[in-house]
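Worksheet for the structure shown next.
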Amino acid sequence: MNVLGQTMLHYYKSWFLICLDRKEEALAAIREAVIDFAEETPKALYYLGNLWYDKRQYPEAIAAWETSMKQDATFPTVLRNLSLAYFNKLGKEEEAVRLLEKAFALDTTDARILMELDQLYKRLNRPHTERLAFLDKYKDVAFSRDDLYLEYL
């Protein structure tokens, strides 16, 4: 069996172990499949962070996403996830804004990140005029989501 086939088997094994509420064994299967296989595995660390976050293991999730970001700083979604964790779990507002702004700069067509960035600005009491000017700059993207359209109005 090739490496991809072996890797997929470990992912399936980990999924079944998660369904059986055997989380530690599931994480071991994921590590065996990918993380220990190569020196740089940004996507595997991103997915592992998602798993940790879902299981309310926030420090582990944040550590996995930080390592993923160090290995590949061009993946907007890991920056987005890390931003939300920094803001919601660590209270690191400035870092959260910086990461979410970078995530949006990497993909200015991502309406979800635009909405979350606007909501972060709103939570941090950015002036309405500043938020409106920002949304106006990306009006086509903003108007693709009902919630952003309403914020714009």
Considering only Ile, Leu, Val, Met, Phe, Trp and Tyr, and joining two whenever side-chain heavy atoms are under 4.5 Å apart, list the other residues clustered with L20.
none

Indicate if [X] and [Y] have the same hydrophobic cluster label, given that clusters are the connected sets of ILVMFWY residues with side-chain heavy-atom separations under 4.5 angstrom.
| X | Y | value |
| --- | --- | --- |
| Y138 | L120 | yes |
| L84 | L82 | no |
| L90 | V97 | no |
| M69 | Y47 | yes |

Gap separating the [atom1] atom of [X] from the [atom2] atom of [Y], nearest 0.5 angstrom:
| X | Y | atom1 | atom2 | result |
| --- | --- | --- | --- | --- |
| L117 | D110 | CG | CG | 11.0 Å |
| T77 | K43 | OG1 | NZ | 8.0 Å |
| D118 | L148 | CG | CG | 6.0 Å |
| K23 | S14 | NZ | OG | 14.0 Å |

Neighbour count above 12 (heavy atom, 6.0 Å) for F143 CZ
yes

Exceeds 12 heavy-atom contacts within 6.0 angstrom, atom CD of E94
no

Residues 52-66, side-chain donor-acceptor partners within the protein, below 3.5 Å, at least two apart:
{"unit_1": "Q57", "atom_1": "NE2", "unit_2": "K55", "atom_2": "O", "d": "3.4"}
{"unit_1": "W65", "atom_1": "NE1", "unit_2": "Y46", "atom_2": "O", "d": "3.1"}
{"unit_1": "W65", "atom_1": "NE1", "unit_2": "N50", "atom_2": "OD1", "d": "3.3"}
{"unit_1": "E66", "atom_1": "OE2", "unit_2": "Y86", "atom_2": "OH", "d": "2.4"}

Grab the two heavy atoms, one from [X] and one from [Y], that are nearest each other, plus how far apart they are.
| X | Y | value |
| --- | --- | --- |
| V141 | A111 | CG1-CA, 3.6 Å |
| S68 | L45 | CB-CB, 3.8 Å |
| A26 | I18 | CB-CG1, 3.5 Å |

Partners of [X] by salt bridge (charged side-chain N to carboxylate O under 4.0 Å, His left out), sequence neighbours excluded?
| X | answer |
| --- | --- |
| R145 | D147 |
| K89 | none |
| D136 | K139 |

Could you check if a side-chain atom of R123 sits within less than 4.5 angstrom of a side-chain atom of F87, using non-hydrogen atoms only?
yes

pair D72-V78: side-chain heavy atoms closer than 4.5 Å:
no

When E151, E116, E130 are each screened for salt bridge (Lys or Arg N to Asp or Glu O under 4.0 Å) with K122, the one that passes is E151

Mind listing the side-chain donor-acceptor pairs of residues 99-108 below 3.5 Å, one per line with the distance, residues two or more places apart or on another chain?
{"unit_1": "E101", "atom_1": "OE2", "unit_2": "Y121", "atom_2": "OH", "d": "2.5"}
{"unit_1": "D107", "atom_1": "OD1", "unit_2": "T109", "atom_2": "N", "d": "3.1"}
{"unit_1": "D107", "atom_1": "OD1", "unit_2": "T109", "atom_2": "OG1", "d": "2.5"}

